[in-house]
Q: 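Questions regarding the structure given below will be posed in turn.
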Amino acid sequence: MALYVYNSLTRRKEKFEPLHEGRVHIYVCGPTVYDYPHIGHAKSYISFDIVVRYLHYLGYKVRYVQNITDVGHLLDSGEDRILKGAKRERVEPMELVERYTRAYFEAMDALNVLRPDISPHAAAHVPEQIELVETLLKKGYAYEVNGSVYYDVSKWPDYGKLSGRKVEEQQAGARLEVNPEKHHPADFALWKKAEPEHVMQWNSPWGRGYPGWHIECSTMSMKYLGETIDIHGGGMENQFPHHECEIAQSEAATGKPFVKYWMHNNMVLVDGVKMSKSLGNFTTISQALEKYSGEQIRFFILQTGYRSPVDFSDEAVKAAGQGLEKLQTTLRNIKQYLDRAKDGAEAPVVTELCAKYRSLFEKEMDDDFNTPAAIGQLFEFSKEINKLLSADAGLSKESVEILFATYKELSQNVLGLLKEGGVEQVSVSPFIDLLISLRNELRHRKEWGLADQIRDELMKNGVIIEDKKGASQWRFKE
RNA sequence: GGCGGCGUAGCCAAGUGGCUAAGGCGGAGGUCUGCAAAACCUCUAUUCAUCGGUUCGACUCCGAUCGCCGCCUCCA
């Protein structure tokens, strides 16, 4: 079987063939770091985490670049998001950027999202962005007006090929006032002139200013991954205009295709409408982590395909958690069986079972990363494993090890689920309190032998009990 | 107005031009168990928004209708 990927550019599933054998270059639009990440970000980055993990599983060498937007991304008001955030929190813009970049990575770590290989910041690549703008000017695809540079959409007949739009059919100024500097309302800014009070500004051939939003992705993608890359990912809402503009800029500058496969993930909804900053109906990832584990959130998201929207609700996340627990129990069951299994030959049933479910799982993943279906296979696999283990057919250590390795590879390596050791992180205090209350019950009954045994065993494990009047206290041995 | 997508059981959610329409949650019953828990077994959509059409055959393809969502220069 081969991997098939849904390409937004052609609107169909295509066989995945990387540009260079054995290696994949992927770029995903990263966050604008002006506020805490929310569940919508989780869906996007978990989706592409799966893409990267599965490509690794298939044996590809992957270079994964995901930008950090820290300049140039404007609000409707024309205000830079970063500057607005900095004002709100009364900090330096780059202090704000640092704060929310950290928050972003911490949230992603909690969701077991692997970090990209490179996380370039837009503000750290201003010279490269200026170079690209100069190239576009030189080639006649852009024009300068009063210190700002705009891309001339009329020079690029392909504009609209990704989103299927025609410039003439759009309602100019539907949402924003038309900028009178532009030759055509569809033209977009490559470089913006900065007013003196605009804190983030750089020298350029056109005076003091700052880069437009779209140019950063073209620049950094080309810098780290080459002029043509294998996969470019991002949220569906960025298909137009952001990705459309990226294509126009990049292809006009290089004369080469920018991206082979465009992938777009769908949105997280709340009561049927998009979760977004502007609607204020978002749950931040750290808020969600107070109620659910990162793994539970991850599993919830993976139970829906990346191209389908998912409605975030307490009920749905809880239901997902129940299912996840079932898969975790199976992993525990295998581990426990492994501890008491004896050496022996591999049982053919086990080898066949593993091969069967590995192949079924791969078949689903090969179909455009169909995680809900792959998870369905994992549930079936889990059921078969439990049957085998509870039949207690005296499976050999070797057999159980294959089960363990296969089950872990699919659930942990590919899906990023069933992390071991997470549950053991709880505090020991409640358990020590419990032992002490049991021991005090024994002391009441004058069952000194057992009571002393508890005290001695705790002492061996570094816990000292001191019986005071009315209560027993405990502390850790220094 | 333009572009794109969605509507599958009580809920979530895969899927296919024709074998029994995955899987999970919830629910019902059972096996196992000192009691639990876990696990396992059985049942829980004669039907895929509605109405037409194409076809030997459609939930799947086409058209219309209804409902919902996203985008049209702010968003993962």
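Computation of the quantities below employed the complete heavy-atom set of this structure, encompassing side-chain atoms and omitting hydrogens, waters and symmetry-equivalent molecules. First the proteins, then the strands, lettered A, B, ... as listed; each starts at 1.
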Q: Using a 4.0 Å heavy-atom cut-off across all strands, classify A:Val28 as base, sugar-phosphate, or nothing.
A: nothing
Q: Check side chain to side chain contact (heavy atoms under 4.5 Å, CB included) between A:Ser382 and all other residues, then give those that pass, not counting sequence neighbours.
A: A:Leu327, A:Thr330, A:Asn386, A:Tyr407
Q: I'd like a table of atom pairs between the protein and nucleotides 15-17 of chain B - only N or O on both sides, under 3.5 Å - with the distance next to each one.
A:
residue, atom, partner, partner atom, Å
B:G15, OP1, A:Asn370, ND2, 3.1

Q: Could you tell me which residues satisfy side chain to side chain contact (heavy atoms under 4.5 Å, CB included) with A:Tyr36, sequence neighbours excluded, listed by chain and number?
A: A:Tyr100, A:Ala103, A:Thr284
Q: Please identify each residue that fulfils side chain to side chain contact (heavy atoms under 4.5 Å, CB included) with A:Ala42, with sequence neighbours left out.
A: A:Ile46, A:Leu111, A:Ile285, A:Ile301
Q: Could you list, one pair per line, each protein nitrogen or oxygen that sits under 3.5 Å from a nitrogen or oxygen of nucleotides 23-27 of chain B, together with the distance?
A:
residue, atom, partner, partner atom, Å
B:C25, OP2, A:Lys326, NZ, 3.4

Q: So what does A:Ser308 hit on the nucleic acid, given a heavy-atom distance under 4.0 Å: a base, only sugar-phosphate, or nothing?
A: sugar-phosphate
Q: Mind checking if A:Ser313 touches a base, just sugar-phosphate, or nothing, with heavy atoms under 4.0 Å?
A: nothing
Q: For A:Ser276, which contact category applies under a 4.0 Å heavy-atom criterion: base, sugar-phosphate, or nothing?
A: base
Q: Under the side chain to side chain contact (heavy atoms under 4.5 Å, CB included) test, which residues partner A:Lys342, sequence neighbours left out?
A: none
Q: Using a 4.0 Å heavy-atom cut-off, does A:Met236 contact any base of the nucleic acid, only the sugar-phosphate backbone, or nothing at all?
A: nothing
Q: Going by the ring pair (Phe, Tyr, Trp, His ring centres under 6.0 Å) test, which pairs reach into residues 350-373 of chain A, not counting sequence neighbours?
A: A:Tyr357-A:Phe381
Q: For residues 112-120 of chain A, which side-chain donor-acceptor pairs fall under 3.5 Å, sequence neighbours excluded?
A:
residue, atom, partner, partner atom, Å
A:Asn112, ND2, A:Gly416, O, 3.0
A:Arg115, NE, A:Asp109, OD1, 3.2
A:Arg115, NH2, A:Asp109, OD2, 2.6
A:Asp117, OD2, A:Tyr64, N, 2.7

Q: Base, sugar-phosphate alone, or nothing: which one does A:Gly40 contact when heavy atoms must sit under 4.0 Å apart?
A: base
Q: With a 4.0 Å cut-off, would you call A:Asp367 and A:Lys363 a salt bridge?
A: no
Q: Please list, in numerical order, the residues of residues 105-112 of chain A that have a heavy atom closer than 4.0 Å to any atom of RNA chain B.
A: none
Q: Between A:Tyr159 and A:Ser44, just flag the one whose closest nucleotide in RNA chain B comes earlier from the 5' side.
A: A:Tyr159
Q: Hey, which sits more toward the 5' end of RNA chain B by its nearest nucleotide, A:Met275 or A:Pro309?
A: A:Pro309
Q: With sequence neighbours excluded, what pairs up with A:Tyr141 under the side-chain hydrogen bond (donor to acceptor under 3.5 Å, both in side chains) test?
A: none
Q: Within the 4.0 Å heavy-atom criterion, would you say A:Asn238 contacts the bases, only the backbone, or no part of the nucleic acid?
A: sugar-phosphate
Q: How many Å lie between CZ on A:Phe312 and P on B:C12, as a whole number?
A: 15 Å
Q: Categorize A:Tyr45 for me: base, sugar-phosphate, or nothing, with a 4.0 angstrom heavy-atom threshold over every strand shown.
A: sugar-phosphate
Q: Salt bridge or not for A:Glu380 and A:Lys356, using N-O below 4.0 Å?
A: no
Q: Name the closest nucleotide to the A:Lys274 side chain, picking from B:A39, B:A14, B:A76.
A: B:A76
Q: For A:Glu14, what residues pass the side-chain hydrogen bond (donor to acceptor under 3.5 Å, both in side chains) criterion, not counting sequence neighbours?
A: A:Asn7, A:Thr10
Q: Round to a whole Å and report the spacing from CG of A:Asn265 to C1' of B:G4.
A: 15 Å
Q: Within the structure shown, what part of the strands sits under 4.0 Å from A:Gly305 by heavy-atom distance: base, sugar-phosphate, or nothing?
A: sugar-phosphate
Q: Could you list all the ring pair (Phe, Tyr, Trp, His ring centres under 6.0 Å) pairs where at least one residue sits in residues 283-306 of chain A, not counting sequence neighbours?
A: A:Phe300-A:Phe312
Q: Quick one, A:Glu246 with A:Ser218, criterion side-chain hydrogen bond (donor to acceptor under 3.5 Å, both in side chains). Give me CA distance, side-chain angles, the key distance, then yes/no.
A: CA-CA 6 Å; A:Glu246 282 185 42; A:Ser218 293; 4.8 Å; no
